[in-house]
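These notes concern the structure reproduced below.
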Amino acid sequence: MKIKNVVVIGSGTMGSGIAAHLCNANVPVTLLDLTTEISTNARERIHKSRPPLLIDKSKINNIKVGNINDNFDVVKDADWIVEAVVERIDIKHQIYEKIFKARKDGAIVSSNTSSIPIKVLSENLTDKEKKDFCITHFFNPVRYMGLLEIVKNENNDLDKINSLKEFCEVELGKGAIVCNDTPGFLGNRVGVYAMQIAMTEAFKMKLSVEEADATFGRPMGIPKTGVFGLYDLIGIDLMADVLKSFIKELPQTDKFHIVAQEIPLVKKLIDTGYTGRKGKGGFYRINKEGGSKVLEALNLETGEYSPSKKIDVKSDKVDLNALINRGDKYGEYAWSVLSKIIKYASSLVPEITKNFNDIDEAMRLGFNWAKGPFEMLEEIGVENFFSKIDEFKGNKFLEELSKTKDEKFYGERQKYTNIETVGKVKRKAQSVDGNSSAQIYRFKDHNIVEFTTKANALDYDSMDALKKATDKPLIIINESMQFSAGVNLTYTMDFADKGDFKSIEKFIKYFQDTCKHLKYSKYPVISAPSGLTLGGGFEVLVQSNFVASHTNIVIGLVETIVGLIPAGGGCKEMLARWSETKEAKKDPNYAPLKVFDIIGYGKTATSPVEAVPMKYLRPEDKTIMNRNSLLEVSKKIINENKNFTPTEELKFNLPGESVRDEMNKILEKLYNDKVILDHGVEVAKELAFVLSGGDTTVEKTLTEDDLFKLELDAFMRLIETKKTQERIKHTLATGKPLVN
Ligand code: NAI
């Protein structure tokens, strides 16, 4: 069964997100709501959304809008009708009655409900209707969250469910996990429990909001919003509704009840409009009194706000054993929370799914955890876990494991999909090499390098791993959220603070050598990015021979924002790409000016579709909706290029001073208009010098090494300035740019 035309009913947060994502997959969709005005507004919201729900604004043309009274006959042409109206069973029942009267025979009907069991949703349907009805539970924001839970009923046509699953995997790029009809399915049942336990233990152990988030966050491989930050993001009132629904649905014996009790301070927050980021604030708030913006955190004991304190738990890497054995309050809190999550999640097997593995994958895809509870248990070690845990009576999974003590209980990863993913092959890797910044996996006919630092920031060791791995075709790919946020600025600033600029120069030189080595080594190098692909991360990609990119990327050269210029070959490669254009053949100033505009403003693209016109990506680079498929596509590229030979080295004929004059005029205007300040001019002048080719003329031919030298010298001059250092420090401390 082919899905070529979809109707989404309900154009709120989820309906509009689902419609937008169908547009991304080029599937025409009609969005219906109570009135056409509501669905038109939703279409507007999609168009303007930040981060964008669309991979390209033109995709909006795939959406038609209407209302359920005048335009309902669109349902008869749809292959799939998604219901995403308010969470009210009476309303949902009325809609199904209407849909099943109008739909064409065999069309799939699904609900996006997050809490109503399928047996209740489908109680008024005939057996024939039930054949085509299921739950498709997407996560918000739909474009960016990988998880889709599919819940079947006992009458389903399984072929149809499988073809829907395949459509959602291949066309929509989702990790589609089929699960049982139990409250909260997999992701929310375990994810919301985890949030509640992290919150209630913080209250009990008297941790501050910041301390809890600093522990139940990056050190555990959990997004840095932690628990209280995430509460604010989701909405404290919405979380209260979610908890009420769990309390209603789950039997009294379920341990969820213990952590879902109303907390007086939380109730007070909701009652006074402190519902999180969308309200007056929540556990955190921005205080604008006195003219400046101050981030404040709530004191859980007194209910008063005070300026938020940065907590450094000194954990650069996720190392669960080191964390739970610290012997301080953070270690105790981590163990208490982790052990309870593991106990709860394992107590739900096989009730919510017979594959414990699916729970882990739901936590990765739905909550962006690096590991789910069972893989955390594996990392802690079975023997170790049982030596620390108090009791687990009645928990069949743990009782069994305590008998077998099988450290290798985990087995395969990602059983929900047939795709050969990085996650699966990593476990089967034959021999492993690596260092503290990257891991090398060796296979018979290719290597894989996975960066492993925070946001995959690059340093000397990352380069070392890349260089070592070019003895076979190489795929640079990773499971964590970002491909690479660029060069590790903390690492660079540590040298600068000591006045050790020689070491910075050595690192940048090695970065350049490695990228050149990637580009011209005997075997093909493929970069397979997803997420942030910025600065140095982009330079690795642009000097790979092939690219297989996920549709969710943020790509670009952003160095100027921190007072630097790209010095790992970014200027060079962008010049080369723009020099190939028709316009550049006629006008030697064309390419340098174009690249000056792109790098000067630190422009980024938020999808491959946006990246191609800027030439961050080439039209021939592969674009893939499903992140899981990046490895398979990369391997296919290797197979198709058995006789690979690297390209010839690039040559450049650049105009030198004449184009710099034009660039200076642009800068003068920006300075006079106060768009840039003194240091902005200095950085841009260094960029201009590199992009113009330095002291050269069009007649003179420059090599790639000449360009590398220009980049390196300009970079070194800038990093030695106080104002660039101030920019870097500011960005490291606040995550925001400094204009100076
Ligand atoms: P929402 O409140 O943002 O949107 C609901 C939309 O349904 C509104 O535009 C409303 O006008 C429309 N509507 C109400 N009655 C209607 C009717 N009779 N016919 C047509 N449209 C009607 O709600 P949201 O958050 O988008 O939730 C929709 C569904 O998705 C719910 O079942 C919810 O449980 C589920 N869900 C929500 C998630 C979230 O993060 N918000 C996540 C996953 C599932």
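Owing to the predicted nature of the structure, the values given are computational and were not obtained by experimental measurement. Indexing begins at 1, ligand by ligand and atom by atom, following the structure's order.
For the side-chain hydrogen bond (donor to acceptor under 3.5 Å, both in side chains) with Arg143, the lone residue among Thr551, Asn552, Asn24 that qualifies is Asn552. Each of Thr126, Val109, Asn124 was evaluated against Phe100; a single residue qualifies, Val109, per the side chain to side chain contact (heavy atoms under 4.5 Å, CB included) test.
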Taking distance alone, no hydrogens or angles, what donor-acceptor pairs closer than 3.5 Å link side-chain atoms of residues 9-18 to residues at least two apart or in another chain?
from: Ser11; atom 1: OG; to: Asp33; atom 2: OD2; distance (Å): 2.8
from: Ser16; atom 1: OG; to: Gly12; atom 2: O; distance (Å): 2.6
from: Ser16; atom 1: OG; to: Thr13; atom 2: O; distance (Å): 3.3

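Sorted by chain then number, the residues whose non-hydrogen atoms approach ligand 1 to under 4.0 Å are Ile9, Gly10, Ser11, Gly12, Thr13, Met14, Asp33, Leu34, Ile38, Ile68, Ala84, Val85, Val86, Glu87, Ile91, Lys92, Ile95, Asn112, Thr113, Ser114, His137, Phe138, Asn140.
For the residue pair Ile624 and Asn626, the shortest heavy atom distance occurs at CG2-O, 3.2 Å.
The side-chain heavy atoms of Asp213 and Lys224, taken from C-beta on, include no pair separated by under 4.5 Å.
A donor-acceptor pair shorter than 3.5 Å can be found between the side chains of Ser115 and Glu87.
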